[in-house]
Amino acid sequence: MKEERIILAHGGGGRLARELVESVFVSRFDNPLLNRLNDGAVLDIFGQRLAMSTDSYVVSPLFFPGGNIGDLAVNGTVNDLAMCGARPLYLSTGFIIEEGFGLAELERIADSMRAAAARAEVEIVTGDTKVVNRGACDGLYINTAGVGLVPAGVDLGGEKARPGDAVIISGHLGDHGAAILCQREGLNLSAPIRSDSAPLGHMVHALLQKAPQTRALRDPTRGGLAAILNEIAAQSRVGMVIEEKALPILPEVRAVCELLGLDPLYLANEGKMTAIVPPEQAGAALSAIRESPHGAHAAIIGQVTARRPGRVVMRTGLGTERVVDMPAGELLPRIC
């Protein structure tokens, strides 16, 4: 049954979000660049290949262990450009600020954005500021858009996965989602969980140097690993099998998920990437990712298959199989 109103699940990165994008936006803005539905568009302009991406950030709370809405906004757009194989160069930023928001908090967020941009080696070169009536937004929303340069020979996309390819994750799953949840719900853990928010441009550059035939890159943000693997499986018309025993998950994240009945495969990450790599380059790819400060816990977690096109399956620790479906609802609203 078609929804007649927008609900929170439409923004969750899962099935309803995909249906909304395709039925309302892709059908109206139809063009070959948009229709690929990757993390950004790669544009051929006067002999140069530029990547362009945009994202908006509405996370609640604004400050959380490991970051805040400001550095999250910079890292998120930098990473979307990197997932296109681009070297990120420039960002724009737009602020929607609620009347009454604290100036000291805004300065703190702007300082974190400046520091994040410096770490990612990008410049914030233009922007916009709007102030809305009290109650019209929850403190502060930020939009960032970015452009980057795609090197010659790099051609990534969710439609390029092939049977036999290795599926690699660059580190622990679910850290960001679990950190936001613990902060929001006031869960006091003996080992606090920190968001993994981080720029991945240098990691991607190293990966493509050692594994130049890499097929696809995605950062598993909203909807987590489950969402992006299902997206790639659908785009490429392939199946995927992942191994539960191979998934890198922090014990404290696993504990929070067990306590609250959540699945870490569906939790958001903000400093991880998934790579689909030909089997003959999987070892080199894993080595390159592990050399990055943010990739020490990278692992090969599965394989692309010709069986069950469009379907992702996990082999459990008990030796059984279960379908890892596209998220159907909104697990944690306002996560990024």
Indicate yes or no: does R15 engage E19 in a salt bridge with an N to O separation below 4.0 Å. no

Show your working on side-chain contact (heavy atoms from CB on, under 4.5 Å) between N68 and I109 and close with a plain yes or no. CA-CA 7 Å; N68 62 60; I109 288 166; 4.2 Å; yes

Residue pair I276 / V167, side-chain heavy-atom distance below 4.5 Å: yes

May I ask whether V132 and L106 are part of the same hydrophobic cluster, defined by side-chain heavy atoms of I, L, V, M, F, W, Y residues being less than 4.5 angstrom apart, directly or through others? no

Are R36 and E159 close enough for a salt bridge, meaning some N to O gap below 4.0 Å? yes

Using the rule that two of Ile, Leu, Val, Met, Phe, Trp, Tyr join whenever any of their side-chain heavy atoms come within less than 4.5 Å, decide whether L37 and L20 are in one cluster. yes

Just by distance, do the side chain of R215 and the backbone of G157 share a donor-acceptor pair under 3.5 Å? no

Identify whether the distance between the nearest side-chain nitrogen and carboxylate oxygen of K160 and D165 falls below 4.0 Å. no

Just how far is it from atom CZ of R322 to atom OG1 of T316, taken to the nearest 0.5 Å? 8.5 Å

If only atom types and distance count, is the side chain of Q48 paired as donor or acceptor with the main-chain N or O of L149 below 3.5 Å? no

Inter-residue atom distance D196.CG - H297.NE2, 0.5 Å rounding: 11.5 Å

Would you say T305's side chain and R307's backbone share a donor-acceptor pair under 3.5 angstrom? yes

Does a donor on one side chain and an acceptor on the other come within less than 3.5 Å for R218 and N38? yes

How many angstroms lie between CE in M273 and CG in D219, if you round to the nearest 0.5 Å? 10.0 Å

Do L286 and I168 make a side-chain contact, defined as non-hydrogen atoms from C-beta onward lying under 4.5 Å apart? yes

If you look at every heavy atom in G148 and A86, which pair is closest and at what distance? C-CB, 4.0 Å

D55 versus T77, side-chain donor and acceptor atoms under 3.5 Å: no

Is atom NE2 of H205 surrounded by more than 12 heavy atoms (other residues, nucleotides or ligands) closer than 6.0 Å? no

Search all heavy atoms of N75 against all heavy atoms of A116 and return the closest pair with its distance. OD1-CB, 4.2 Å

Donor-acceptor pair, distance only, cut-off 3.5 Å: does the side chain of H176 make one with the backbone of I335? yes

So, does D30 use its side chain to make a donor-acceptor pair with the main chain of N35 at under 3.5 Å? no

Decide if atom CZ of R184 counts as having more than 12 heavy atoms of other residues, nucleotides or ligands within a radius under 6.0 Å. yes

Sub-4.5 Å side-chain heavy-atom contact between S92 and V125: no

Between P327 and G223 the two heavy atoms that sit nearest each other are CG-O, 3.7 Å

Ignoring hydrogens and geometry, is there a side-chain-to-backbone donor-acceptor pair from D325 to V323 under 3.5 Å? no

Would you say that S197 contacts L72 through its side chain, given a criterion of any heavy-atom pair below 4.5 Å between the two side chains? yes

Under a 3.5 Å distance rule, please check whether R28 uses its side chain to pair with a backbone N or O of V24 as donor and acceptor. yes

For F64 and V59, run side-chain contact (heavy atoms from CB on, under 4.5 Å): C-alpha distance rounded to whole Å, both residues' side-chain angles, the deciding distance at 0.1 Å, then the answer. CA-CA 10 Å; F64 44 84; V59 64; 4.3 Å; yes

No-hydrogen, no-angle side-chain donor-acceptor test under 3.5 Å, T221 and N269: no

Going hydrophobic residue to hydrophobic residue with side-chain gaps under 4.5 angstrom, can you get from L229 over to M326? no

Take M240 and R311, measure what side-chain contact (heavy atoms from CB on, under 4.5 Å) needs, and give me the verdict at the end. CA-CA 6 Å; M240 291 192 187; R311 186 62 63 94; over 6 Å; no

Any side-chain heavy-atom pair of I180 and S195 under 4.5 Å: no

dist I301:CD1 -> T274:OG1 (nearest 0.5 Å) comes out at 6.0 Å

V238 side chain reached by P163 side chain, heavy atoms, under 4.5 Å: yes

Interatomic distance, CD1@I69 vs CE@M113, rounded to 0.5 Å, equals 9.0 Å

Linking I/L/V/M/F/W/Y whenever their side-chain heavy atoms sit closer than 4.5 Å, directly or via other members, would L43 and V150 fall into one cluster? no

Single-linkage hydrophobic cluster, 4.5 Å side-chain cutoff, V241 and L225 together: no

Quick check for you: to the nearest 0.5 Å, what is the distance between I96 atom CD1 and Y57 atom OH? 14.0 Å

Side-chain contact, heavy-atom cut-off 4.5 Å: C336 with E270? yes

Below 4.5 Å, heavy atoms only, C-beta onward: do V122 and Y90 meet side chain to side chain? no

Using only atom types and a distance under 3.5 Å, with no angle test, would you say the side chain of Q213 pairs donor to acceptor with the backbone of V277? no

Just by distance, do the side chain of S236 and the backbone of G158 share a donor-acceptor pair under 3.5 Å? yes

Any Lys/Arg nitrogen of E321 or R308 sitting under 4.0 Å from an Asp/Glu carboxylate oxygen of the other? yes

Carboxylate-amine/guanidinium contact R114 D111, below 4.0 Å: yes

For K210 against A288, the heavy-atom pair lying closest together: CD-CB, 3.7 Å

Nearest heavy-atom contact between S170 and K272 is OG-CA, 3.3 Å

Please confirm whether the backbone N or O of V58 pairs with a side-chain atom of R334, one donor and one acceptor, at under 3.5 Å? yes

Take V78 and L200 through the side-chain contact (heavy atoms from CB on, under 4.5 Å) test and state the conclusion after the steps. CA-CA 8 Å; V78 163; L200 301 178; over 6 Å; no

Smallest heavy-atom separation, V204 atom then A82 atom, equals CG1-O, 3.5 Å

Around R49, counting heavy atoms of other residues, nucleotides and ligands shown, do more than 12 lie under 6.0 Å from its CZ? yes

